[in-house]
J.: 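Handing you a structure now.
If you're wondering where the values come from, they're calculated on a predicted model, not measured in any experiment.
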Amino acid sequence: MVGLAYFTPCIGVLVGIIYLLIKKFFGVSLVFVNVQGIATIVAGFSFTMLGFLAAIAAFMFSLQKYIFFRRWINDGGADVFFVLYKIAIVCLFITFSLSLIVFTKVGASIAFKLMLMFAINNVVQTMILALVISGKVALAKKEDD
């Protein structure tokens with residue numbers, strides 16, 4: 001399962017390829033009018049999600065007192081989570097870097113496309129991490145009762 005976490009950055013690439021196939025065969029295309037505005041939104045999203053991941057790390061420290069959490073770590077279930085956590089942080093930094101390149105004259109077009117692909121990855125990765133954490137919150141509440 002840990003190996004699958006390393007392939008999450010491929011999700012955005014897969015969506016990009018599907019988009020290109022739809023564009024080629026059906027002529028449906030997204031035309032972005034304000035590329036710099038979108039880059040600004042994506043950069044803000046990246047930094048916000050980095051803050052969210054920092055909050056998750058702080059929350060994980062508070063779960064150490066629970067039996068289910070120690071069992072989760074000992075059983076190896078946490079390994080996948082923490083690998084995905086690290087990958088999400090790297091992908092968010094890459095997304096932010098690409099959003100800066102969009103404002104340059106060199107490589108702005110390809111950087112914009114890559115930025116959108118990474119943004120899709122970021123959404124999926126963050127959603128998976130949030131779902132795991134919400135499950136741990138439910139377990140903590142259950143154990144407290």
J.: Given the rule in the side chain to side chain contact (heavy atoms under 4.5 Å, CB included) test, do F68 and L63 qualify, once you have shown the distances and angles that lead to the verdict?
T.: CA-CA 9 Å; F68 79 86; L63 293 178; 4.2 Å; yes
J.: Run F118 and V42 through side chain to side chain contact (heavy atoms under 4.5 Å, CB included) and show every step you take.
T.: CA-CA 10 Å; F118 269 93; V42 170; over 6 Å; no
J.: Measuring from atom CH2 of W72 to atom CG of N74, what distance do you get when rounded to the nearest 0.5 angstrom?
T.: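 With rounding to 0.5 Å, CH2 (W72) is 12.0 Å from CG (N74).
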J.: Atom OG1 of T40 and atom CG of N34: how far apart are they, to the nearest 0.5 Å?
T.: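 T40 atom OG1 to N34 atom CG measures 7.5 Å (nearest 0.5 Å).
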J.: Looking at every heavy atom in both R70 and K65, which two are closest together, and how far apart are they?
T.: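 Closest heavy-atom pair between R70 and K65: NH1-O, 3.4 Å.
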J.: Treat each ILVMFWY residue as a node, draw an edge where side-chain heavy atoms are under 4.5 Å apart, and state whether F59 and L84 are in one component.
T.: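 Same cluster: F59 reaches L84 through Ile, Leu, Val, Met, Phe, Trp or Tyr contacts under 4.5 Å.
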J.: Enumerate, atom names and distances included, each donor-acceptor pair closer than 3.5 Å involving a side-chain atom of residues 9-30, sequence neighbours excluded.
T.:
from, atom 1, to, atom 2, distance (Å)
Y19, OH, S29, OG, 3.2
Y19, OH, L30, N, 3.0

J.: Treat each ILVMFWY residue as a node, draw an edge where side-chain heavy atoms are under 4.5 Å apart, and state whether L114 and V35 are in one component.
T.: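 Looking at the clustering, V35 is in the same group as L114.
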J.: Can you measure from CD1 (I41) to CD (Q36) and round to the nearest 0.5 angstrom?
T.: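 I41 CD1 to Q36 CD: 12.0 Å, rounded to 0.5 Å.
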J.: Treating Y85 as the side-chain partner and L129 as the backbone partner, does any N or O pair qualify as donor plus acceptor under 3.5 Å?
T.: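 Side chain of Y85 to backbone of L129: no pair is present.
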J.: Would you give me the side-chain donor-acceptor pairs under 3.5 Å for residues 88-113, sequence neighbours excluded?
T.:
from, atom 1, to, atom 2, distance (Å)
T95, OG1, C91, O, 2.8
T95, OG1, N122, OD1, 2.6
S97, OG, F93, O, 2.9
S99, OG, F96, O, 2.6
T104, OG1, I101, O, 2.6
T104, OG1, V106, O, 3.0

J.: Same cluster for F82 and I87 if Ile/Leu/Val/Met/Phe/Trp/Tyr side chains link at under 4.5 Å?
T.: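 In one cluster with F82: I87, no.
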J.: To the nearest 0.5 Å, what is the distance between OG1 on T126 and CG on L131?
T.: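 So the gap between those two atoms works out to 11.0 Å.
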J.: Starting from V83, can I reach F52 by hopping between I/L/V/M/F/W/Y residues whose side chains sit under 4.5 Å apart?
T.: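 Different hydrophobic clusters.
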J.: So which heavy atom on Y66 is nearest to which on S62, and how close?
T.: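 Looks like CE1-O, 4.0 Å.
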J.: Which atoms form the tightest heavy-atom contact between M60 and F81, and what is the distance?
T.: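 In terms of heavy atoms, the two residues are closest at CE-CE2, 3.5 Å.
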J.: Would you say V132 and L50 are hydrophobically clustered, going by side-chain heavy atoms of ILVMFWY under 4.5 Å?
T.: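 The answer is yes; both residues are in one hydrophobic cluster.
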